[in-house]
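Numbers restart at 1 for each chain; the letters A, B, ... are given by sequence-line order, proteins then strands. Note that this is a predicted model, so its numbers are computed, not measured.
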2 protein chains.
Amino acid sequence: MNRSSSLHSPTFSPLYRQIKDLVLRHLESGEWGPGDPIPSESELATRFGVSQGTVRKAIDEMAAENLLVRQQGKGTFVATHKDPGSYFRFLRLLPNDGETRLSQSVPLECWRAKAGADVARILALEPGSPITIVRRLLKLGDEPVVFDEIYLPSELFPDLSLEILRSAESLYSLFETRYGVRMIRADERLRAVAADRVSAEWLQVTEGSPLLLVERVTFTYGHKPVEWRRGFYSTRNYHYHNELG
Amino acid sequence: MNRSSSLHSPTFSPLYRQIKDLVLRHLESGEWGPGDPIPSESELATRFGVSQGTVRKAIDEMAAENLLVRQQGKGTFVATHKDPGSYFRFLRLLPNDGETRLSQSVPLECWRAKAGADVARILALEPGSPITIVRRLLKLGDEPVVFDEIYLPSELFPDLSLEILRSAESLYSLFETRYGVRMIRADERLRAVAADRVSAEWLQVTEGSPLLLVERVTFTYGHKPVEWRRGFYSTRNYHYHNELG
DNA sequence: TAGTGGTCTAGACCACCCA
DNA sequence: GGGTGGTCTAGACCACTAC
């Protein structure tokens, strides 16, 4: 263990960050998969040759970043989208009246294409790379609320199809379990736009009525972009909720 | 110092949280004001009769919540909206093309009224309590981008006027320095709406064109709501940016 | 009872800032 | 050089879970 590489070195990083990087590598490689327990703090400490407090600080940071989940008395686990509690971490939609309804994801279309300049830039692909495009509708208690168009690198999701999409509970848990791609962070850009014909039909609103356009780039480990998504939100009965801390 | 009040007590809280509450009380009372340094960790440790590590953990949490700001070698300071870096913490607006422009807050109107049922509920006031309403325009490089209508309890901002608003750099730093009200957290609800006549005129868009409506409730210490704000965002050249962690 | 994470301590040393 | 926050250690004990 490089204990500091210190003395004004520009690549200095404290021990606990080096530990964090080591643990991260185990996550990236899939050696410790979503839902699995990772070794105990004391075991990691002896394995890495540092004190338990140092391991603790590394894990603290990763828990704060939603990469790991601690459970007192049981252990520390790799975070997973199968956990229903983490579902609304990426869907900031709440009903105006507070009454939660059942949500249902309805896949509409799924086809292959070649990445245009925009998608290629956003997903860090070569222009012309094979991509998979998915359209789907999110219904909340029989009301269509979100119409999504999702762009994915085909290389990572080789056999994705409508059949497979229909069998999944949630997109991100499907990506995680079937393709080993874990979504950990996303950037969203929100705009108000007028509904075009396609969105208007699916969302059952009149063409030209205001919709919330949510463009999302989703990243997996190592800041690697793996999904681009344009979602049209009907905000008659729902709103996008955000907390500013 | 109540070291645990433990043994299955429902009001159990660890030492460092009790320290945190003590520090919080100093902030709420204004004894340690925005921008001021707070006592050093070692001094707080001896003052409260705990170890430095315990104080450290308390301050860690408060720094993570943007209540305090640590500066290695200098000390720990009470967070302030005068710090220009904290300006965009509550304004998640970015230009589509990435080029930042000068921002300018233009106060339009300021008058008193009585709280209706809605405002009273949101601001936890008695219906009919005196409130102050402010309208203002946010310009980014000569383009009007946000039209805000702001509802405040008059009791907290007794002499607020257009004159005073015009002299301020930013609203929240004004509230902080002149009225001792520090905004620390906010809840936002976003919707897409059609521009009404008033908003359309101020934002120089055609009536009925889509606008992003951002409704914000802002809180000071103790989860006390102190501002309600309805902002109409023109999202032609700008977007609302959000990171999902 | 054994193993896990959670809290707390005391003390050492490092990195940074300023007078 | 003296004060501040930042890192790291070793060890103790508490709280929770499972068996």
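Checking the phosphate oxygens (OP1, OP2) of C:dT4, no side-chain nitrogen or oxygen of A:R70 falls inside 4.0 Å. In this model, the phosphate group of D:dG3 is not approached by any side-chain N or O of B:S40 to a distance below 4.0 Å at OP1 or OP2. Residue B:R56 places no side-chain N or O under 4.0 Å from the OP1 or OP2 atom of D:dG5. The side chain of B:S51 places no N or O atom within less than 4.0 Å of a non-bridging phosphate oxygen (OP1 or OP2) of C:dA10. Close to D:dT9, at under 4.0 Å from its OP1 or OP2, lies a side-chain N or O of A:T54. Of the side-chain N and O atoms in B:K57, none sit less than 4.0 angstrom from OP1 or OP2 of C:dC8.
The interatomic distance linking A:L68 (CG) with C:dG5 (C1') rounds to 13 Å, in whole Å. Following rounding to the nearest Å, A:Q52 (CD) and C:dC8 (P) show an atom-to-atom distance of 16 Å. Distance CG (A:D60) to P (C:dG5): 12 Å, rounded to an integer number of Å. Taking atom CG of residue B:L15 and atom P of nucleotide D:dA15, one finds them 12 Å apart after rounding to whole Å. To the nearest angstrom, P of C:dG11 lies 17 Å from CD of B:E41. Atom CD1 in B:I38 sits about 18 Å away from atom P in D:dG3, given to the nearest Å. In this entry the distance linking CG of B:L44 with C1' of D:dT4 reads 12 Å, nearest Å. Regarding A:Q72, its CD atom lies at a distance of 17 Å from the P atom of C:dG3, rounded to whole Å.
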| request: Kindly indicate, with the supporting measurements, whether the criterion salt bridge (charged side-chain N to carboxylate O under 4.0 Å, His left out) is fulfilled by B:R185 and B:E65. | output: CA-CA 9 Å; B:R185 205 181 62 77; B:E65 294 166 14; over 6 Å; no

| request: Go through the steps for B:E28 and B:R25 under the test salt bridge (charged side-chain N to carboxylate O under 4.0 Å, His left out), then give the verdict. | output: CA-CA 5 Å; B:E28 288 188 44; B:R25 240 170 275 163; over 6 Å; no

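Between A:S86 and A:Y172, the side chains place no donor N or O within less than 3.5 Å of an acceptor N or O (distance only, hydrogens not considered). There is a side-chain donor-acceptor pair under 3.5 Å between B:E188 and B:Y240.
Comparing A:G53 and B:G73 by the nucleotide of DNA chain D whose heavy atom lies nearest to each, the residue mapping closer to the 5' end is B:G73. If B:Y16 and A:T76 are placed on DNA chain C by their nearest nucleotide, the residue sitting closer to the 5' end is A:T76.
The listed nucleotides are C:dT4, D:dG5, C:dC8; the one nearest the side chain of A:S42 is C:dT4. Looking at the side chain of B:K74, the nearest of the listed nucleotides D:dC8, C:dG6, C:dC18 is C:dC18.
For residues 150-162 of chain A, the pairs satisfying salt bridge (Lys or Arg N to Asp or Glu O under 4.0 Å) are A:D159-A:R178, with sequence neighbours left out.
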